Structures are given as C-alpha cells and as structure tokens.
Amino acid sequence: MSLPHHPGPAPTGMGRGGGNPQMRGFARDRSVSRRRLSRATLRRILTFARPHRRALAVFLVLITLEAGAGALPPLLFKHLIDDGITQGDTRLVVLIAVAVAALAVLSAGLAVADRWVSSRIGEGLILDLRTAVFDHVQRMPLAFFSRTRTGALVQRLNGDVLGAQQAFTSTLQNVVSNALTVVFVLAAMLSMSWRLTLLSLILLPLFVLPARWFGPRIAAVTHESYELNAQAAQTMQERFNVAGAHLVKVFGDPERESAAYAEQASRVRDIGVKRALYGTWFRVGLTTLAAIATAIVYGLGGLAAIQGELTVGVVVALASYLGRLYGPLTAMSNVQVDVMTALVSFERVLEVLDLEPTVTDAPDAHNLRNDVAARGASVELDAVGFRYPTADEVSLASLESVATLRADTAEDTLGDVSFTVPAGHLVALVGPSGAGKTTISQLVTRMYDPTRGSVRIAGADLRGVTLDSLRATVGVVSQEAHLFHDTIAGNLRFARPDATDADLERALRQAHVWELVMRLPDGLETVVGDRGYRLSGGERQRLAIARLLLKAPDVVVLDEATAHLDSESEAAVQAALDEALVGRTSLVIAHRLSTVRRADSIVVVDRGRVVEHGTHAELVARGGLYADLYRTQFAADTVDAA
Ligand SMILES: Nc1ncnc2c1ncn2[C@@H]1O[C@H](COP(=O)(O)OP(=O)(O)OP(=O)(O)O)[C@@H](O)[C@H]1O
Ligand SMILES: [Mg+2]
C-alpha cells in the first residue's frame, strides 16, 4: 500500500532527520508519557546499552562539542562588529571571519562523526535486539504461534526494535543536544544583556502553549492515518493474494469491493489534508513568532544602542541567538513523549523476550538416539490426557487479537489415551473429524506436552530427552504438507542441509516424484510454495514424503491429506508411502482405505478417547464405530478399489 506521503503503519519506524524535528515529536502518542516503567525494566534497558558504553561516551562528548560549536558564532560576530568594524581593525575582522568559517567546517566534521558513532550504536542495538527476539521466538512452542497474530509479531520484530533503538540514538541525541544548546545560548545571552534576554523570552509562552495544544491533535490525526493506511493495506493484501482473489471472483461483487476501497482511500485523503494543514499552521506559527521576537530584539536593542546602553554587536548577537533558542525550547517541551515512546517500545521487546518457552530441554535431558539404538523405536502413549493451553498460558495479551482474549475454559481434547506402536509396526489412527487424531500426532512430535500421562519413544518419556535427538528420531508429513517459498532443493535440504544432489535424487525417486521434478522448467531449482510453482495436493504430499525420506527417521508420523486425491495421484502417493514406511515405526492418521488395510493394527478414536483397537477384519466384524466409518468415510475408496 502506498498512497503518497504516508509512511508505513509503524509510527516508531521513522528515521532520524525525517521531516521537521518538532513535527516528528508531535507525531507520537502523548498518552505514553503517563506510562510508568518499573525500575527493573529500566535496569534491563541499561544492560542493552552496556556493550556500547564506550561508543556512548564518545557520542556524548561529540554532541557537547557540537552544541558548543553551534553556540559560538554569534559571540564571534559581536567581537567582529564591536572590536573590528567599529574600531576599524582590519586584521581582527579577517581573523574572526576566518575563525567563523573554520568553526563551520569543524561543526560539519563533528556532525558527520557524531552521526557515524550514533548510527553504529543504533544499528548495533537493532542487531542485538533483532537476533535476540528471533532466536527466542523460534524456540516458542507451537501453541504460541497458533495463538499469535503473525502481523503483530512481525511488527514487534521490526517496529518496536526500531523504536527501542531510538531511545539510544535520536532521542538521546535530541534531549542532550537541545538541552545543551538551550543552556549555552541562554548563558551567552544573559551574559550580554539580561534585560533584553528576558524581554525577548516574553514571547516564549505564546509559542510553547499552542505547541502543546497542537501536539495531541497532530498525534491523533497521525495515529488515525496510520490506522487507516494499515486497514487499506490489509484489504489489499487479503483481496490480492491468490486465495482471496479467487474468492472475490467467485462470490464477490467488483463494484462493491471498489466502492468499499474507494471509501477507505478517501478517508485517507481527508486525514492527509488535515495533517498537512495542522503541520503548516504549526510551522508558520513558529516562523512568525521567531520573526516577531527578532523584531523586538532589534527594536528595543536598537533603541538601547542609540542610548549607548548596548553595543551594535550585542544587539546583532542577541538577535541571532534568539533564532537558535526557539527550536530547541519547543522540542524540549515534548521531550517526555519522545523518551517514553522509545522506552515503551523497548519494554514491548523485553516482553517478548520474557515469554517462557514451555517445551524445552530438561536440565538432565538425554539423547533419545541411544534408547532407540538399544531398544528399537516403539511409540507408546500411556494414559495420556491433554487440553490445549489457553491464550494467557502461552502468549502475550498485546500480541493477540482481541477476540482470543476471553478466558478460555478449555475442555480436555484428549482423555486417557493409551496404545502402543511396536518398533517397525504401522498403526493407523482412525476417527471422525475433530476426534483428536492430529492432536495425538502432535504429542508424539512433542509440539505439546501431555497434561496427564506420558508419551514414550523407545521407553523414554519425551519430556526427558533432548529436542535435537527427538527431531532426529521422528519425521513428520503433516496434513497440509507445507512447503516454503523456496526451490525444491531448498525445501528438501531443510530436513538435511548436508544432503548431496544424489541424495535428493534418491529421495525423490523413492517418493515417486523424480519424473515430475525433472519435467519442471528448472528441475530441482524450481521455486515452489505460496507464490511459486503450484503443485497439486498429491504432488505436495510426495515432495513432503521425499523430505521425510531424506531425513531417514526411525519413527514416522503421517497425517494423510483429508482432501481426496484423484486416483492417479493417490496411487503415486501410496507407492511413495510403501517405500517410505517400510522398516519404520509408523503412526498414520488414515483417511484412505488402502492405508488402513496395510496397517498392523488400527486405533479408533472418538471425542478424544480410544474406542476400538484391532485389525481391519476384527473391527469390521465387530460392527462398531470403525464398521460405520468403513461404510461412510471409506466408501468412496471401496468403489475406487473395485
Ligand atoms: N491449537 C488448538 N487450540 C485449541 N483447540 C484445538 C487446537 N487444535 C485443535 N483443537 C481442537 O481439538 C479437537 C481435536 O482436533 P484435531 O485436529 O486433533 O482433530 P482431527 O481428529 O485431526 O480431525 P480431522 O480429521 O478433521 O483432521 C478439535 O475439537 C479442535 O477444535
Ligand atoms: Mg487432523
């Protein structure tokens, strides 16, 4: 989304030097200045500054020198006029003029040096925070991701990290350099003429008060425009991705869609006009008042000079100082908002870092590979009960959409599930939709820990083994068989980064997709995934099986696609599975008759409980739930098979 002159939806993402500095201060939400940060939070923020403390010290020295150099020229001009021009001292005039020029060059050098140091601190801090958040978030349990809005999370990774960085660079710089400038300039002015200084400051309230009035209004308008822009962007994103565009084409009404979008966009326009107007009022006010104050200094100062109370040099110097005073003073009136905005961003980043991952290595976790080598990879569920964690157990209120904030009184999804898959056997899980089959498979891969009972592989409770060794032991093909937006080779190597091309070919051949991959325009280098080459459901499953084969796990957990494949892909997937599962301990969530037929035994689940257990023949003979499912769910397959 890019309607002209609107920055992205992240108010904190604005860089230093973007637009008028005073305006930028106002673009913040003033309500933050009422927030309180705990002492502990402040202390932690300082720990992030610690690695940069030497650079920060250099930075402060540079800012001080810069403010000093900026406050000198009017003083020099005073001497130039009073002691040079008036006294007819040519040498002094030239000398001072050269000194002023040299000072200008020095200031420029200081500005560059200071920017260099501050950007090194700022970017270094962004790097520290980003890597810390990324590293932490990817260790969060699956439950966290299923509850968290991805958009909010990405915003946290980007916007707030930038905002936090500002605490150390632009905000620190603005505060320190404005404060120093005000002090230096006022001291110089008072030393020359305290009366005229006080007189010229009379206008200051006239300026600061309206600035404080404009502040919240500009902030509100800015905030609203971000919101509107974000909404419009959201609409575009939703409508213009393939699935959304398809939906609009099938069900939508282009006229209605366009009208709704035009409505949104015209609100953006109205707000944009309002913003521009407020900004102009503010700038015009600033310039006018500064000009009036300068006129007062020249007027009153001129009179005093005629009386001989002041020298001409002092009058000129005072007027020129005045121009350097108003900007920093007004900026200081908003300093609290700036500082708090930056600190609150910081706090929000810390909040993410403080989330405790629930599924982690126990301190005494051992290597599951040893158990598997010694005892074979059996899978055992022992009196397992499970309920999905509620939002407040796994996520952050500020990362959730409002809708999920209700206190879930979650019911148990699984109650007392027990069964064993002996090493090398194939057990099929069967049951109606929503029975808890996928949930069971996620406990075996330890996406979640059971609430009661235990899940064991090779006799070892999963809570006591390392996550690395568990990942190396168990391979998964999930219901949707997700592929990243990457090449086929890249997707396969995600399971084993060191796989050679020959390894890839072997896996693809075993999964019966080699021919298909070779027919693609770029072969192994064909980009697949959301915006890449569109594979059919069956093809995706077979690629996922190839990915699994590459890893060669001892235990395979497979969630068959619920969508029915056409009989040709179905046959290809079956053939792929025949090779993939041989000699492995397999837990297969079966939606197809051919799979259940091959299973050594079948576990039938219903509403989170095991209701039947046996072979296909036994269960059909029993005439229970399985026999029902056989007649309904698998009926289509029976026709196919015949
Ligand atoms: N992340 C989650 N948070 C809360 N509840 C969930 C979550 N995932 C699934 N559930 C609920 O748990 C129950 C079991 O879901 P599960 O996905 O295990 O069913 P399933 O047997 O795999 O069904 P299907 O055959 O349709 O895939 C359902 O009632 C579902 O709504
Ligand atoms: Mg499922």
Side-chain angles (χ1 to χ4, degrees), residues 140-150 153 355 357-359 379 381 384-397 399-401 403-419 421 427-453 455 474 476-482 537 540-541 544 556-565 573 586-596 599 602-613 625-626 628-637:
M140 293 305 289
L142 192 67
F144 170 80
F145 297 97
S146 63
R147 301 238 58 140
T148 306
R149 284 183 302 149
T150 315
L153 186 60
L355 271 177
T358 46
V359 176
V379 175
L381 274 81
V384 165
F386 178 72
R387 102 182 145 68
Y388 278 99
T390 56
D392 53 338
E393 286 171 312
V394 288
S395 188
L396 271 180
L399 281 177
E400 302 246 342
S401 49
T404 59
L405 264 177
R406 67 195 152 75
D408 285 354
T409 46
E411 282 178 34
D412 284 5
T413 302
L414 299 179
D416 200 29
V417 172
S418 301
F419 66 86
V421 189
V427 166
L429 265 182
V430 177
S433 182
K437 305 182 294 293
T438 302
T439 308
I440 290 176
S441 75
Q442 291 189 326
L443 294 184
V444 175
T445 51
R446 207 178 167 212
M447 293 296 114
Y448 300 91
D449 282 329
T451 338
R452 291 182 308 279
V455 180
V474 184
V476 181
V477 176
S478 63
Q479 221 161 355
E480 295 93 30
H482 185 74
R540 242 196 343 262
Q541 280 255 324
V556 170
V557 174
L558 186 126
D559 206 340
E560 273 186 344
T562 13
H564 275 273
L565 306 171
V573 171
S586 318
L587 181 63
V588 178
I589 299 171
H591 291 284
R592 285 191 278 273
L593 184 64
S594 45
T595 317
V596 265
I602 298 164
V603 173
V604 186
V605 276
D606 188 20
R607 283 182 232 140
R609 288 176 187 276
V610 175
V611 289
E612 291 172 52
H613 194 169
L625 179 59
Y626 182 80
D628 277 351
L629 286 171
Y630 177 58
R631 274 197 309 274
T632 54
Q633 195 176 336
F634 300 135
D637 298 342

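The chain is numbered in sequence order, starting from 1. Worth saying up front: this structure is predicted, and the values here are computed from it rather than measured. Counting convention: from 1, in listed order, for ligands and their atoms alike. Both backbone and side-chain heavy atoms feed into the values below; hydrogens, waters and symmetry mates do not.
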Yes or no on side chain to side chain contact (heavy atoms under 4.5 Å, CB included) for Phe145 and Met447, after CA distance, side-chain angles and deciding distance?
CA-CA 11 Å; Phe145 297 97; Met447 293 296 114; over 6 Å; no

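- Checked against ring pair (Phe, Tyr, Trp, His ring centres under 6.0 Å), Phe419 has no partners two or more places apart in sequence or in another chain.
- Checked against a 3.5 angstrom limit, the closest N/O atoms of Ala435 and ligand 1 fall inside it.
- Every atom of ligand 1 is numbered from 1 in the order shown, and the set under 4.0 Å from a heavy atom of His591 is 25 (O).
- Thr358 contributes atom OG1, which lies 6.5 Å from atom CE of Met140 (distance to the nearest 0.5 angstrom).
- Near Thr438, meaning under 4.0 Å from any of its heavy atoms, are these atoms of ligand 1: 17 (O), 18 (O), 20 (P), 22 (O), 27 (O).
- Residues that satisfy the salt bridge (charged side-chain N to carboxylate O under 4.0 Å, His left out) test with Asp449, not counting sequence neighbours, are Arg446.
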Arg609 vs Asp416, side chain to side chain contact (heavy atoms under 4.5 Å, CB included): CA-CA, chis, key distance, verdict:
CA-CA 7 Å; Arg609 288 176 187 276; Asp416 200 29; 3.9 Å; yes

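- Look at Gln442 and you'll find every heavy atom at least 4.0 Å from all atoms of ligand 1.
- Using bins of under 30°, 30° to 60° and over 60° for the plane-to-plane angle, the ring pair Tyr388/Phe386 lands in the perpendicular bin.
- Within ligand 1, counting atoms from 1 as listed, the ones closer than 4.0 Å to a heavy atom of Thr439 are 14 (C), 15 (O), 16 (P), 18 (O).
- Because the distance cut-off is set at 2.8 Å, Ser433 fails to qualify as a neighbour of the Mg ion (ligand 2), as none of its N, O or S atoms comes that close.
- Ligand 1 has at least one atom lying under 4.0 Å from a heavy atom of Gly436.
- Considering only non-hydrogen atoms, atom 23 (O) of ligand 1 lies nearest to Gly434 out of Pro432, Gly434, Pro389.
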